[in-house]
Visitor: 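Have a look at the structure that comes next, please.
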Amino acid sequence: MKTSSKLRAALVGALTLGLMAGGAATAFAAPGDVLNPQANGSKGSFFLWDANTGDYVDGNTARVYTRDEALIASANSTDVLSEINPAATRPVTGATSFTQVLRFISAKTTADLNGGTNTWKSWSVDSAAGPNGGTLTPDFTLDAFGAGVNDIVAAGGSYYYGVAYTINNGVTPVGAVYREINITAGSGNYTVSPVEVEAPAVVAVNTTTALAASPTSLDAGNTTTLTATVAAADASTVVGNVEFFKGADSLGSVAVSGGIAAKTVVVGTAGAHTYSAKFVANANFNASTSADVTVTAVVPAVVMPPMAPSDNALNASTAHGATASYNATTHAATLTVDAANNGSTFHTFVYSTATYLGDFAVAGGTITADVSMLDAGDHKMAITNTIGDVVAWATFTKTDAAIDPSFTKQINADVANAQTPADGEFSLTNLSGSVVNLTNPALVNGQSVVSGELGNFKVTDLRQVSKPGWDLSTTVADFTKGGDTIAKSALGIAPKVVSQAGSGATAPTMGAAQVSGAAVYPWDFAELAGSAFSGVSTYNADLVFTAPAGKPAGTYSSTLTLTLISK
Amino acid sequence: MKFNRPLALSVAAGMAISAFGVANTAFAEPVSQSYVVVGSDTLQDVLNGLANGTSVSGASVRSTAGTMAIGSFDATGTTSIQTKPSGPRFGRPNGSGDGVKALSRSIDGAPYTSATVGSPAAVVITGQVDIARSSSGATQVADGALRYIPFGRDALSYAHSGGSNTAFDNIDQATLKGLFECTITQVGGVTVAPVVPQSGSGTRKDWLSKIGVTEASMPEVSEGGCVQVGQEHDTTTLSNGTPFPANAVTAMSAAQWVAQNTGAGINRIGAGVKIGSPVAGVLPTTGSGTATAPNPAFYSNTTWGRDTYIVVENARVTVGDAKYDANLANVVSTAATKLGNITSSLPGQAGSVKKKYGFLAPTNTTPFRAALAS
C-alpha cells in the first residue's frame with residue numbers, strides 16, 4: 001500500500017500535533033498545510049485577501065494586482081483572521097524573541113533578506129497585536145510597504161516581500177515569512193508566486209475483480225471470451241491492467257476500460273480449463289484476483305448422417321410432383337416441392353451414392369443445397385422426414401465436375417534491404433608540426449650526434465572492397481647550412497607504430513630502420529600488400545643525425561617528404 | 001499635547017494672556033512627509049492613531065497617502081507649529097472652527113491668526129494645511145470650495161464632577177439650557193459650575209446648538225456670568241490652567257469618553273468625573289474601563305448624535321480638476337485603511353480603529369460642499 005510517510009505517522013494512534021519546540025519545521029504536515037520552511041527559506045507563508053470585502057483573492061496565481069489595490073494577509077487560505085506567527089507555537093520565530101515587526105521588500109538573496117533595514121529595499125512598521133499575540137491582517141497593499149516602493153516600482157523586477165520579526169531596531173531579522181513578488185516597471189502592477197503546500201498523499205484504493213467466461217462449455221478448438229470486471233472500493237474509475245491466467249500461465253494483460261477488460265482465448269484441448277484474472281497493482285489502486293472460472297471443452301461429436309432412403313424408395317409414388325434443377329454458378333441444386341411443405345425442415349440427400357446434405361427448411365416451395373462436391377452427371381435429390389418417409393424427390397443434371405474443398409491464404413513475406421560493403425577513405429594526415437628541431441648534439445667517438453622524433457602522422461586506408469594495398473614512400477633532401485652540405489645519408493629513421501585499428505584491417509609491414517650515416521633515400525617507411533586494407537594506422541619515428549667529421553657546427557636543414565602511394 | 005502652565009495669572013482684567021511667562025520649551029513636532037491635518041480636539045486622538053499607525057484594533061493600521069506618511073497636529077501643544085518642510089511657523093489651530101479656518105487660509109492665501117492665545121498674528125500659510133478635523137458640519141453650498149467628508153459618528157453628552165449626586169447623572173435638555181444661561185444654578189441641591197469648551201471648538205458650537213443656547217445668551221465668567229471656559233474633552237483642568245471644579249457640568253464627546261477609558265486616546269479624565277445623559281435611561285456608552293464601548297441607541301439619537309467630518313479642498317480631490325492630487329484623494333478615500341473608511345468588519349479597516357476610539361459609522365455617508373470659512 002502506498003502511503004505518504006508523513007500521513008502514516010498521523011494514522012498511528014493519537015499523536016498530538018503542535019508539541020514540537022516552536023518555530024521548527026512543521027512535523028506531521030497534513031495535505032494542504034503550508035510547507036514550513038518553503039523552498040525559498042520562508043518560515044511558512046501567507047495568503048492574500050481583499051482588505052475591503054474580506055474575500056480570499058489568492059486562489060489564482062496568475063492574478064495581476066495594482067500597487068494601490070487594498071490587500072491584507074493571513075496565515076492560511078481559509079481564515080482571514082488567522083494570525084501570522086501567533087504565540088505559543090511561533091512558527092516563524094520559534095524560541096527567539098523579537099522586538100519589532102516590519103513588512104519588507106528585499107532582493108532575493110540571503111544577504112539582502114538577512115540584513116534587515118540595512119539591506120531591504122523598503123519596509124513599514126507592523127505589529128504582533130492580534131488576540132493570539134501574532135500579526136493580524138497586516139496591510140499588504142504594495143504602496144503600504146514604505147517610501148522605498150516608488151524606487152522599486154520604477155525599477156520593476158522580482159523581489160521577496162513579507163513580514164519579518166526583528167531585534168536591534170530592525171537591522172537583525174530573527175524570522176520572516178515571504179513570497180516572491182514580480183513587479184512590472186513603471187505601472188507597479190504585480191503578481192505573486194504561489195505558496196507551497198503539502199501535496200495530498202496518494203492512498204491506493206482497494207479493488208475487486210470478478211471473471212466471467214462465455215461460453216463455459218464448448219467444442220475444443222473454439223474460442224471463449226474472458227471478461228474481467230474491476231471495481232474500486234471508493235467507486236472511483238479504475239485505471240490499470242488486468243492479467244489473465246490459465247492455471248498459472250499468463251495469457252497477457254489487457255487495459256481496463258469502463259471497469260472491464262476482456263480477452264478471447266482459444267480452448268484447444270478437451271477437458272476442464274481453469275482461468276483467472278488479476279488486476280495488477282499500481283500507484284492508485286491495489287491488486288485483486290478473481291475467483292477461478294472453469295471452461296470445459298469437449299471433442300466435437302461427429303454427427304453421423306441420418307439413414308437415407310434406399311435407391312428403390314425413390315419411385316413414382318414418392319416423387320410427389322417435385323422437380324430439381326442445378327445452378328452452375330452457385331454449384332447448388334434446388335428441389336421444388338408442394339408449397340404446403342413451406343416452413344417444415346427435412347433431411348436432404350443426393351444420390352447416386354446416398355449423400356446426406358443436411359437438414360433444410362422448405363421456403364417458397366423449394367429447398368436449395370450446395371452440391372459442388374458431386375461429379376458431373378445425373379443425380380437424384382430427395383427429402384425425408386425424421387421417420388424416414390420420402391417426402392419428395394427429383395432428378396437434376398450437374399454440368400460441371402466435382403469441386404474439391406479448398407481455402408486460400410495470402411502469404412506476406414518481408415525482405416531485408418540489400419546492402420553491400422563499400423570502399424572508404426584513403427589518406428595521409430600529419431598529426432604534428434611541420435618543423436622538427438634536432439637539438440643538443442653530443443659528441444660520440446668524435447662525431448656530433450643529435451636525435452629526436454619525427455612526430456605522429458596517420459595513414460587511413462578503408463578500401464575494404466578493392467583492397468589494392470599501398471606504399472608509404474620517404475624522400476629526404478641533403479642537409480645544408482649556408483654553403484656547407486651534409487648528405488642525407490646522415491639521417492637515420494626508425495619507424496615505430498603508435499596505434500593500429502580497424503575491424504577486418506591488416507597491419508602493414510614496417511620498413512627496415514635506416515641507420516644514421518648509411519641511410520638510403522627514397523625508402524618505404526611502411527607497405528601494405530594487396531588484398532588487404534590497413535584501417536587507421538598512427539606512426540612516429542626515432543631520428544638520429546650523425547654529422548661527418550670536419551663539418552662546421554651549426555644547424556643544417558633538410559626537407560623530409562612522406563608520400564602515400566596506392567598499389 | 002497639553003501643558004500645565006506654571007504661573008497663575010490674574011484674569012480680572014479679562015485681558016488675553018500674553019506670551020511672556022509661559023514656559024514654552026523649544027519642542028518641535030516633526031513636519032509632515034506629505035499632507036497636514038489640523039483642527040478638532042474631538043477627532044485628534046483617532047486621527048493621530050490613523051496618521052501615525054496604531055494597532056489598537058489588533059491589526060496595524062496606518063492611513064498613508066500612496067506610499068507617504070501624513071502628519072496630524074494636535075489642537076493644543078506648542079503655541080505655534082511648522083507643518084511642512086521650509087514652511088512658516090504659524091499659530092496652532094485649536095478646535096474645529098480654527099482648523100477649517102486654517103484650511104481656508106491655506107487655500108486662499110489670506111493671512112491666518114489662530115485661536116491659540118499668544119500665537120503669531122496674520123501669517124500667510126498658503127499650502128501649509130491640507131485636511132481639517134471637524135466635529136461639526138457646515139452649511140451646504142453647492143459650489144463651495146470645501147468638501148466635508150463624513151468621518152464617523154460621535155454623540156454629544158456631558159461629563160460631570162457631581163460625584164455620587166445621582167441628579168447629575170441625568171440632566172435633561174431644558175435644565176442644561178438653563179444652566180448654561182445661568183438661569184438655573186442648582187441641580188440635586190448643589191450649585192452647578194457649568195464649563196463650556198474653548199472658543200473655536202466645534203464641540204462648543206455643537207453643544208450650544210443642541211441645548212438651545214447662543215453665544216449671546218451664554219454669560220461667561222469673564223462677562224460677569226457663571227460659565228467657565230474649559231479645554232475641549234479635558235476634565236482635569238480649565239483652559240486657564242486651574243483644576244476642573246467640583247459639581248461641574250461640561251460638554252463631553254461620547255467617543256472621547258470611550259477612547260479615554262479604553263486607552264486608545266489620551267486619558268484626560270479628572271478624578272471622579274463621570275459621563276451623564278440628557279436622555280433618561282439611555283447612557284451614551286456601555287461598560288467601563290477598557291471595556292467601554294459606544295452605545296448605538298444613544299448615538300443614533302438625532303438630537304445628541306453627531307456626524308463628524310474631515311474637510312479638504314474640493315478641487316484637489318476631484319478627478320479632472322487642474323488641482324487634482326491623486327495622493328490626497330487616496331488618503332481621504334473610503335478604501336480599507338484610509339481616513340474616509342467607515343467599515344468595521346475586519347480589524348485592519350480604519351472603521352474598526354475608529355470604533356475603538358468611540359466612533360460608529362456616520363448616519364449620513366454622502367460628502368457635501370461648503371464655503372471657505374472666513
Side-chain angles (χ1 to χ4, degrees), chain A residues 46 48-57 66-75 79-84 86 100-103 105 121-154 163 165 188, chain B residues 30-35 49-71 85 262-264 290-291 317 319 325-353 355-356 361 365:
Chain A
F46 54 85
L48 299 171
W49 306 71
D50 185 306
N52 287 304
T53 62
D55 291 339
Y56 182 65
V57 300
T66 59
R67 59 182 291 183
D68 61 354
E69 186 167 349
L71 298 170
I72 48 180
S74 85
D79 179 10
V80 67
L81 298 180
S82 170
E83 293 166 45
I84 295 171
Q100 297 87 27
V101 182
L102 297 159
R103 283 174 284 106
I105 300 177
K121 304 290 186 202
S122 191
W123 63 88
S124 180
V125 173
D126 212 285
S127 61
N132 295 309
T135 302
L136 176 64
T137 63
D139 188 352
F140 261 70
T141 312
L142 181 59
D143 275 351
F145 276 75
V149 169
N150 286 325
D151 284 348
I152 292 170
V153 166
V163 181
Y165 298 82
Chain B
V31 295
S32 169
Q33 270 198 351
S34 60
Y35 306 107
L50 290 172
N52 297 335
T54 173
S55 55
V56 70
S57 63
S60 277
V61 180
R62 189 173 194 186
S63 306
T64 55
T67 62
M68 302 180 288
I70 62 172
T262 63
T290 55
V317 297
V319 175
D325 183 333
N327 287 313
L328 178 62
N330 176 263
V331 74
V332 300
S333 75
T334 56
T337 57
K338 306 301 177 181
L339 297 178
N341 177 275
I342 56 173
T343 52
S344 54
S345 55
L346 291 168
Q349 293 165 341
S352 293
V353 171
K355 200 163 169 185
K356 285 289 184 181
T365 56

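These values consider heavy atoms only, across backbone and side chains, with no hydrogens, waters or symmetry-generated copies. Labels below follow one simple rule: chain letters A, B, ... track the order of the sequence lines, proteins then strands, and each chain is numbered from 1.
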Visitor: Less than 4.5 Å to any heavy atom of chain A: does that hold for the side chain of B/Ser55, its backbone, both, or neither?
Guide: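 Both parts, heavy atoms under 4.5 Å.
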
Visitor: Are A/Leu81 and B/Pro347 packed together at the side-chain level, in the sense that at least one heavy-atom pair is separated by less than 4.5 angstrom?
Guide: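 Answer yes - side chains close enough.
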
Visitor: Name the one of A/Thr141, A/Asp143, A/Asn150 that satisfies side chain to side chain donor-acceptor pair (under 3.5 Å) with B/Thr67?
Guide: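 The side chain to side chain donor-acceptor pair (under 3.5 Å) with B/Thr67 is passed solely by A/Asn150 among A/Thr141, A/Asp143, A/Asn150.
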
Visitor: How long is the gap from CD on B/Gln349 to OG1 on A/Thr53, to the nearest 0.5 Å?
Guide: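 B/Gln349 CD to A/Thr53 OG1: 9.0 Å, rounded to 0.5 Å.
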
Visitor: What is the minimum heavy-atom distance between B/Thr334 and A/Asn52, and which atoms define it?
Guide: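 Looks like O-OD1, 4.2 Å.
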
Visitor: Verify the neighbour count for atom NZ of A/Lys121: are there more than 12 heavy atoms of other residues, nucleotides or ligands below 6.0 Å?
Guide: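 For A/Lys121, atom NZ is not crowded (no more than 12 foreign heavy atoms under 6.0 Å).
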
Visitor: So which heavy atom on B/Ser57 is nearest to which on A/Leu136, and how close?
Guide: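 Heavy atoms only, the tightest pair is O-CD2, 4.4 Å.
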
Visitor: By a 4.5 Å heavy-atom criterion (distance strictly below it), what part of A/Arg67 contacts chain B: side chain, backbone, both, or neither?
Guide: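 Answer is side chain: those atoms of A/Arg67 sit under 4.5 Å from chain B.
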
Visitor: Contact part of A/Leu142 toward chain B, heavy-atom cut-off under 4.5 Å: side chain, backbone, both or neither?
Guide: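 Looking at A/Leu142, nothing touches chain B.
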
Visitor: Among A/Asp50, A/Ile72, A/Thr137, which has the most heavy-atom pairs under 4.5 Å with chain B?
Guide: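 Heavy-atom pair counts peak at A/Thr137.
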
Visitor: Heavy-atom distances under 4.5 Å only: say whether A/Val101 touches chain B with side chain, backbone, both or neither.
Guide: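 Answer is neither: A/Val101 stays 4.5 Å or more from chain B.
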
